[in-house]
Amino acid sequence: MTYSGEVTVGGPADVHELKDLMITKIAVGPMDNNAYLLRCRDTDEQLLIDAASDAHTLLGMIGDDGIASVVTTHRHADHWQALAEVVAATGARTYAGRDDAEGIPVPTDVLVEDGDTISVGHVRLTARHLVGHTPGSIALVYDDPHGHPHVFTGDCLFPGGVGNTFKNSRAFASLIHDVETKIFAPLPDETWVYPGHGNDTTLGAERPHLPEWHARGW
């Protein structure tokens, strides 16, 4: 089956099968949050990005193999509603951006800085600190050695724009700067983008619209 990245709450997960990594996407909760389960095909180790809501559904997706780690992309409550229950059930190590960890009511085992590496089995993800939606938001970049990169952007980049900066012009300037310099500049158009809500996109689909985003200020 071809991966589309189109999922709905209560519906089935969608699986993106790469040579070294399997990415399972599911939508959960009243705000249609995306959660992503990454599985190293070599070791079967698993990592969850955003235990957003509905622990029962997330644990069902995780299965009996459990998870080694769970990464929270940022401190907003809709992205960690199921974190405590998932961690209690799996014993997973928790990761979050250093500047957002205090806003997450589950202890963070590893405070993440810009450029840090997070591993799932033999697969390496690079954290990018993107300031503006929250002070400590992080994106995770997987530079697939067999194809194009993949980036999990939390609420910092969506189809059609950057994340909400709540009409704060300084926050918007910071976020679009970080997204441009740390995501768009180093990564090619083929890069697949997995956001915290809604459908996926690619950097190539969004890049032509950057001047529009600057002009409108959100």
Side-chain angles (χ1 to χ4, degrees), residues 3 5 14-16 18-26 33-41 43 45-52 58 61-62 67-76 79-80 83 86 92-101 104 108-159 162-163 175 178-188 190-198 200-203 206:
Y3 174 80
D14 199 4
V15 181
H16 204 168
L18 310 179
K19 185 169 183 180
D20 295 336
L21 185 68
M22 289 183 63
I23 302 166
T24 302
K25 176 180 181 179
I26 199 165
N33 286 76
N34 295 325
Y36 298 94
L37 182 67
L38 279 53
R39 184 182 185 99
C40 171
R41 298 178 75 116
T43 67
E45 184 172 296
Q46 298 191 121
L47 174 151
L48 181 68
I49 299 175
D50 284 344
L58 295 180
M61 176 175 68
I62 290 165
I67 51 173
S69 313
V70 56
V71 179
T72 303
T73 58
H74 64 289
R75 68 189 186 188
H76 287 161
H79 290 260
W80 49 253
L83 182 59
V86 167
R93 182 184 301 111
T94 55
Y95 292 76
R98 178 177 295 276
D99 295 330
D100 269 15
I104 300 168
T108 298
D109 297 319
V110 182
L111 299 173
V112 180
E113 307 277 7
D114 187 58
D116 283 354
T117 298
I118 299 172
S119 299
V120 50
H122 295 157
V123 170
R124 304 290 181 265
L125 308 169
T126 302
R128 301 316 314 254
H129 182 203
L130 308 174
V131 181
H133 182 66
T134 66
S137 289
I138 55 172
L140 298 177
V141 180
Y142 170 50
D143 192 359
D144 186 353
H146 309 289
H148 55 73
H150 300 255
V151 57
F152 302 86
T153 56
D155 283 1
C156 288
L157 178 63
F158 296 97
V162 295
L175 181 56
D178 283 0
V179 166
E180 284 188 301
T181 59
K182 297 180 181 182
I183 303 297
F184 280 98
L187 299 175
E190 295 79 14
T191 302
W192 197 278
V193 176
Y194 305 82
H197 306 262
D200 300 352
T201 187
T202 64
L203 292 187
E206 306 305 322

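Worth knowing before you read on, the calculation uses all heavy atoms, side chains too, and leaves out hydrogens, waters and symmetry mates.
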Relative to the ring of [Y], is the ring of [X] parallel (under 30°), tilted (30 to 60°) or perpendicular (over 60°)?
X: Phe152; Y: Tyr36; value: perpendicular
X: His79; Y: His74; value: tilted
X: Tyr3; Y: Tyr194; value: tilted

Got [X] and [Y] here, is their nearest side-chain heavy-atom distance under 4.5 Å?
X: His133; Y: His76; answer: yes
X: Val123; Y: Leu125; answer: yes
X: Asp100; Y: Pro135; answer: yes
X: Val71; Y: Ile138; answer: yes
X: Val15; Y: Met22; answer: yes
X: Val193; Y: Ile183; answer: no

To the nearest 0.5 Å, what is the distance between [atom1] on [X] and [atom2] on [Y]?
X: His16; Y: Thr24; atom1: NE2; atom2: OG1; answer: 11.0 Å
X: Ser137; Y: Leu130; atom1: OG; atom2: CG; answer: 7.0 Å
X: Thr117; Y: Leu140; atom1: OG1; atom2: CG; answer: 10.5 Å
X: Met61; Y: Leu37; atom1: CE; atom2: CG; answer: 5.0 Å

Using a 3.5 Å distance criterion without hydrogens, assess whether the side chain of [X] forms a donor-acceptor pair with backbone atoms of [Y].
X: Gln46; Y: Ile62; result: yes
X: Asp155; Y: Gly163; result: no
X: Asn34; Y: Gly198; result: yes
X: Asp14; Y: Gly5; result: yes
X: Asp50; Y: Thr73; result: yes
X: Asp178; Y: Val131; result: yes
X: Trp192; Y: His148; result: no

Among residues at least two apart in sequence or on other chains, which ones pass salt bridge (charged side-chain N to carboxylate O under 4.0 Å, His left out) with [X]?
X: Asp200; result: Lys25
X: Glu180; result: none
X: Asp114; result: Arg128, Lys182

Using the test side-chain hydrogen bond (donor to acceptor under 3.5 Å, both in side chains), find all partners of [X] that sit at least two apart in sequence or belong to another chain.
X: Arg124; value: Ser119
X: Asp99; value: none
X: Thr153; value: none

Where [X] and [Y] come nearest, the two heavy atoms and their spacing:
X: Leu111; Y: Asp116; value: O-OD2, 4.0 Å
X: Val151; Y: Ala139; value: CG2-CB, 4.2 Å
X: Leu21; Y: Cys40; value: CD1-N, 4.1 Å
X: Phe184; Y: Glu206; value: CZ-CB, 3.9 Å
X: Leu175; Y: Gly132; value: CB-CA, 3.9 Å
X: Ala96; Y: Thr108; value: N-CG2, 3.5 Å

**OP:** Check step by step if side chain to side chain contact (heavy atoms under 4.5 Å, CB included) holds for Asp143 and Thr126.
**Re:** CA-CA 8 Å; Asp143 192 359; Thr126 302; over 6 Å; no
**OP:** Quick one: do Leu38 and Tyr142 satisfy side chain to side chain contact (heavy atoms under 4.5 Å, CB included)? Show the steps, please.
**Re:** CA-CA 11 Å; Leu38 279 53; Tyr142 170 50; over 6 Å; no
**OP:** Show the numbers, then the answer: is there a side chain to side chain donor-acceptor pair (under 3.5 Å) between Asp20 and His122?
**Re:** CA-CA 8 Å; Asp20 295 336; His122 295 157; over 6 Å; no
**OP:** List the steps, then state whether side chain to side chain contact (heavy atoms under 4.5 Å, CB included) holds for Arg41 with Lys19.
**Re:** CA-CA 8 Å; Arg41 298 178 75 116; Lys19 185 169 183 180; 5.9 Å; no
Subject >> Test log, rule side chain to side chain contact (heavy atoms under 4.5 Å, CB included), inputs Thr72 and Leu83 >> reply: CA-CA 9 Å; Thr72 303; Leu83 182 59; 3.7 Å; yes
